[in-house]
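Read the structure below first, then the notes.
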Amino acid sequence: VRPPLSSAQIAELEAGVVIRTVQQRGGQETNERTKPCTVQVRNHVGEVQELRFVLCEGRNRQIRKMVNHVGSQVISLARVRHGIVDLGNLPSGAAAAIRGDDLERLLDSKRKAQKSAGRKRT
């Protein structure tokens, strides 16, 4: 991000900020607070700061909108994990099969999330 964020701005991001989102189905606009997240400073060189975000939700352009909300701008963004699946060096737009233990962990994670949300699927 540029300019770098202060510790107060990072704390604000972690607590959740109100961003405008247009729902993909129906096009309805909402202004809602993001869920709490984790933000870590990974590197800081001059006027550029590298951050690591761990989100509990993934709204459209969420990180960019959050960073803009606190007065900075995302220069570059890369997703390195989706849920429990580490994307490694998977190129943008590519797909990879999830097999074996990784598939079982992913399915188990989904079952636990559904159970904690009170939903039961058949």
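- With rounding to the nearest 0.5 Å, the separation of OG1 in T21 from CG in N31 is 8.0 Å.
- Comment: D108 does not engage R105 in a salt bridge, judged by the lack of any side-chain N to carboxylate O separation of less than 4.0 angstrom.
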**OP:** Begin with the C-alpha distance, continue with both residues' side-chain angles, and end with the deciding distance and a verdict on side-chain contact (heavy atoms from CB on, under 4.5 Å) for I98 and L103.
**Re:** CA-CA 5 Å; I98 301 173; L103 178 59; 4.0 Å; yes
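- Put simply, CD on E12 and OG on S7 are 12.0 Å apart, with the number rounded to the nearest 0.5 Å.
- In summary, E32 and K65 do not engage in a salt bridge, as defined by a charged side-chain N under 4.0 Å from a carboxylate O.
- In R20, the CZ atom is not crowded: 12 or fewer heavy atoms of neighbouring residues, nucleotides or ligands sit closer than 6.0 Å.
- There is a path of hydrophobic side-chain contacts, each under 4.5 Å, that joins L5 to V41.
- Looking only at distances, a side-chain donor or acceptor of E57 sits under 3.5 Å from a matching main-chain atom of K35.
- For S72 (side chain) and P4 (main-chain N/O), no donor-acceptor pair under 3.5 Å exists by modelled atom type.
- Of all the heavy atoms in C37 and L55, the pair that sits closest is CB-CD2, 3.8 Å.
- A distance of 10.0 Å separates CD1 of I10 from CD of Q40, quoted to the nearest 0.5 Å.
- The two residues V85 and L106 make their nearest non-hydrogen contact at CG2-CD1, 4.0 Å.
- Taking CG of D86 as the start and CG of D102 as the end, the distance is 9.0 Å to the nearest 0.5 Å.
- Under a cut-off of 6.0 angstrom, the local environment of CZ in R64 is crowded, with over 12 non-hydrogen atoms contributed by other residues, nucleotides or ligands.
- Taking CG of L51 as the reference point, atom CE of M66 lies at 10.5 Å (rounded to 0.5 Å).
- Environment of CG in D101: sparse, with no more than 12 heavy atoms of neighbouring residues, nucleotides or ligands closer than 6.0 Å.
- Residues L87 and V80 form no side-chain contact, since every pair of their non-hydrogen atoms from C-beta on lies 4.5 Å or further apart.
- In this structure, the side chain of R42 does not engage the main chain of R52 through any donor-acceptor pair within 3.5 Å.
- Nearest approach of C56 to P36, heavy atoms of both residues: SG-O, 3.8 Å.
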Criterion side-chain contact (heavy atoms from CB on, under 4.5 Å) on Q73 and R2, from CA distance to verdict | CA-CA 5 Å; Q73 182 179 2; R2 184 177 33 212; 5.7 Å; no
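- Atom CD in Q62 sits 5.0 Å away from atom CD1 in I19 (nearest 0.5 Å).
- Side-chain atoms of H44 come within 3.5 Å of backbone atoms of G46 as a donor-acceptor pair (strictly under, hydrogens ignored).
- Residues V39 and L77 fall within the same hydrophobic cluster, defined by Ile, Leu, Val, Met, Phe, Trp and Tyr side chains chained together at heavy-atom separations under 4.5 Å.
- Side chain of Q9 to backbone of S6: a donor-acceptor contact under 3.5 angstrom is found.
- Cluster annotation: I63 and V18 are assigned to distinct hydrophobic clusters (Ile/Leu/Val/Met/Phe/Trp/Tyr, side-chain heavy-atom contacts under 4.5 Å, transitive).
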